[in-house]
Every structure is written in C-alpha cells, then in structure tokens.
There are 2 protein chains.
Amino acid sequence: MNVMTGGKLKLVQAALKLATETRSLTSLGLRELAREAGLNPNTFYRHFKNLDDLGLQVLGYIAAEMKTGVRQLRMVAESSEQAATTTVTFVYNYFLENPAATTVAVRELYGSSPLLRRALANQLDTSAREMAEDLMQQGLIPRRLPEQTVREISHMTIRYILFRAMDYIEKPDQRDAIRAETERFINRQFRGATLDQLSNEEFEALTAALEQNG
Amino acid sequence: MNVMTGGKLKLVQAALKLATETRSLTSLGLRELAREAGLNPNTFYRHFKNLDDLGLQVLGYIAAEMKTGVRQLRMVAESSEQAATTTVTFVYNYFLENPAATTVAVRELYGSSPLLRRALANQLDTSAREMAEDLMQQGLIPRRLPEQTVREISHMTIRYILFRAMDYIEKPDQRDAIRAETERFINRQFRGATLDQLSNEEFEALTAALEQNG
DNA sequence: GCGTCAGGTATACGGTTGTATACCTTAATG
DNA sequence: CATTAAGGTATACAACCGTATACCTGACGC
C-alpha cells in the first residue's frame, strides 16, 4: 500500500537528492523536481496535492527507511558485548548510508515548516524512547538512574548525534575523532548523572578523595 | 565604516525578518527583500553583489550584534556568585532578545551554503573558546580537568544551547524546564569528565560505595 | 469488448524572478 | 560653479514558475 513505485518514487528520490545538494526541502520547485526525475511537470499532480504534501511524504519515506535501519541496529546491538562503542559506530554508519535522509532531517528539524518540524520531533522522541528502553534492558546504564533521567539523556544524545552526523558524513578524516568524542559525551552524561544528588561540597570532597587514591 | 545606514540596513533587516518568518536565508528573493524593505528592487545592487553577498553581510551583522551581547554577558557573569545558573539564564535571555539572528544561525549552520556554514562554525568555535576561558578563570570547573576537555565540553554545550534556544524562543511555557535541563546537561558533562580516567570496574565500585554512604 | 481509471504528456496562461540599461536626485569635492 | 559619485528609481526583457485544461496510453474488471 505505502510502497512507492514508478514516477512517485522517482519524484521523492529527486526531492531527496535536490534537498541534499542544493536547497532545503521546503524551497524546492515543482518543475525542478520533475526535471530531475525526468518526468513531465504535471505528473507531479498525479501523486501529490502540493509541495507541502510532497514534503510530508518524503518525511514518511525517510521514516520508513530509518525504521528498518534501526531494527537492524537493535539486532546487532543485542548480540554484542561492549555495546557502547559498537552502538555509536553503527548509528553513525547508519547515517552515513543514508546521507540524504540525514541531511533533510537536520535541515528541517528547525526549518520553516511547522508541519515538518512537528513530524520530525515526534520521530526523534520515539527514537529516544526506544534508545532508553534498549539501554536499560541491556544493563548498559548505572542501575539506579531514574527512568526519566535515562530518557532525558537519550533525548539529548539523539539530537547530539543527529547534528554531529552531518560532520561525520562530510568529513571522512574526522570520523574516528567524532566517534570517540561521542562516546565521551555519552559516558560523561551517564556517569555525571549518577552524581546528580551530590551537592557541590560533596562533589568536591569526592574528587579530592579520588585524587588522593589515584 | 561598517555601520550600516539607510537602504542597506533596511535590506539586511528585511532579510532577517523574512528568513525567520518564512524561509531560509539562502532561498530569499531579491524582489521579495526589496518589497519588504519598501525599496525599488534595483536598489539591492547598489549594496550587494548578489544574494550570496547579502547572506555574508547578514551574517556579519548578526556577528556584530552577538559580540556586543556577549560582552555584556561576560560583565554580568563576572560580578555574580552562582554563575552556572545565572550564566545559563543570561545566555538564553540573550537568544530570546535576538530571535531572528538565532533562528538564522540555527538554520544556516547546516544549511546549503558552504560559505555561510564555514563562517558560522568559526563564530561558534570562537564563542566556545571564550566560554572555556571564562569558565576556567572563574573557577567554575573542577580544577584538574585538562584544558582540552574543557574546550570540548564548551564546544558541545554551545551547540546544544544554540539549538535548544529555538525551543526556548518558541515555547514560553517550557523555558524554566529548558533552563533546568541545560544546567543538568552542563553539570553532568563536567562532573562526568572528572571520572574520565576511571575504568568501568572502578566506576561501579565508586557508585556502589556512594550508594552505601548515602 | 467496452468502460473506467491511474499514470503520463502537451500546450497554454498569468505572474514572478533576476538582471540590464538609463535616468534622477542629493551631497561632497575641486 | 561644475564635476563626480552614491543612492534610489523606472522600464524592459527573457526565463522560469505553479497551475489549469485537454489529450493519450495501458491495465483492469465486468
């Protein structure tokens, strides 16, 4: 039912390509799309009501692509031991294999179309919730962290990785550094969160003790 | 010399307004700008070579605005005691008072113009460096954190706050929550970083001990 | 075998766009 | 006072845009 074929698929893929290479999704032209897809301009109206409609359907296409990617990702993560490193690697690899979708998501998350923004934010929230579930199920997280804290950190991390993925895609020579930096980010968030209840004095006492014990 | 007056200023402000309300900076039209500014379309060419040139000058205008804002910010921060909370508050207030510039910055940081992206990234790097200097000077940071770690966290934080500022601007009822969340973000990063050298075993031993001592 | 309908095409129209050229006003400069 | 330059305007043009209407083709159900 929602599998796209023929001209419609061509138009959506053309939109992804053009949105990545030249402009934002919301500023694409109908004739421009048809030209890229090798179709007559009016064919557009056979599949979409207007350009906003196209934007939403492109987002749906991206979401569907992402969902299969995330499912694969979860299976790999479950069969792994040191899941922090491998998870980060696989998430970035996933973005790397879907550069157009990633770019569009980044550009439209705070873009000018409220409709697209809302849809994308919901998508990210879902991903964050799933990520939090996975992390807790796998026991990757200090056990006594409140669920809400885990969700909050997952939410921040998803957004952080999404934006960082743009650099990851475009700067191959920095990929190792970006992965390492992201792991530090995650570890610091979760480790730091275990100290949430400590006052400044307690925390300073702790670090002083740590420094002594070496 | 670089103070803008008359028609040029009108055009730049029109660009900021339109980029915020309707579209991305790089997709604005020349006649659209002139209409908004109440000028003849061809007046544009008296001040700018083309639309890319306009984009760069708008960025310069934003950077100048930001610089005075940050200077005020630093003065306030120096005279304050609990600088973490007040700094976050003032940074968000600053973005709140410059919504157009903030929106443009967010949209173009990963937008389609490499020129604008590079300029914005440099601007953010400078801000991160200054933030790191300030934080270390004020002694707000666990003393033995390596300078590079402080810079890295500052870099992450600047970006995090910039994007979060979009929600801060648009959702007044969530502002308290966003500020609190940002403080947690910063505290967790810096506190977590003090534990960077600990192995997983050492860290778990630490948390177990903390749990006992209450 | 005939109607129906989805998908693709051709042509056309009014409006907008970026840009070129030429003209006008104002202020400063010699 | 004449010249020059900056800033703003008017008109014009070719290109492109979104959209409307009409036409063509093949596959399908009855």
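Residue numbering restarts at 1 for every chain, and letters A, B, ... go by the order of the sequence lines.
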* Contact under 4.0 Å: A:His47 side-chain N or O vs C:dA6 OP1/OP2 -> no

* Would you please name every residue forming a salt bridge (Lys or Arg N to Asp or Glu O under 4.0 Å) with A:Arg31, sequence neighbours left out? => none

* Asked: Just by distance, do the side chain of A:Arg191 and the backbone of B:Leu198 share a donor-acceptor pair under 3.5 Å?
  -> yes

* Rounded to the Å, how far apart are A:Leu9 CG and C:dG7 C1'? -> 15 Å

* Structure fact -> In short, side-chain hydrogen bond (donor to acceptor under 3.5 Å, both in side chains) pairs touching residues 156-169 of chain B with sequence neighbours left out are A:Tyr110-B:Asp167, B:His155-B:Arg159, B:Tyr160-B:Glu181, B:Arg164-B:Asp167, B:Arg164-B:Glu181, B:Tyr168-B:Arg179

* Structure fact -> So side-chain hydrogen bond (donor to acceptor under 3.5 Å, both in side chains) across residues 41-52 of chain A, not counting sequence neighbours, yields none

* Just by protein heavy atoms under 4.0 Å, how would nucleotides 12-18 of chain C read 5' to 3' in B, S and -? -> B----BB

* Distance-minimising heavy-atom pair for B:Ile169 and B:Arg175 -> O-NH2, 3.1 Å

* Bounds of contact between DNA chain D and chain B, in 5' to 3' order, using a heavy-atom cut-off under 4.0 Å -> D:dG7 to D:dA12

* **Partners passing salt bridge (Lys or Arg N to Asp or Glu O under 4.0 Å) against B:Arg107 (at least two apart in sequence or in another chain)** => none

* To do: Could you tell me whether the side chain of A:Glu36 and the main chain of A:Lys17 form a donor-acceptor pair under 3.5 Å?
  => no

* **With B:Ile158, the side chain to side chain contact (heavy atoms under 4.5 Å, CB included) member among B:Val91, B:Ile153, B:Leu124** => B:Leu124

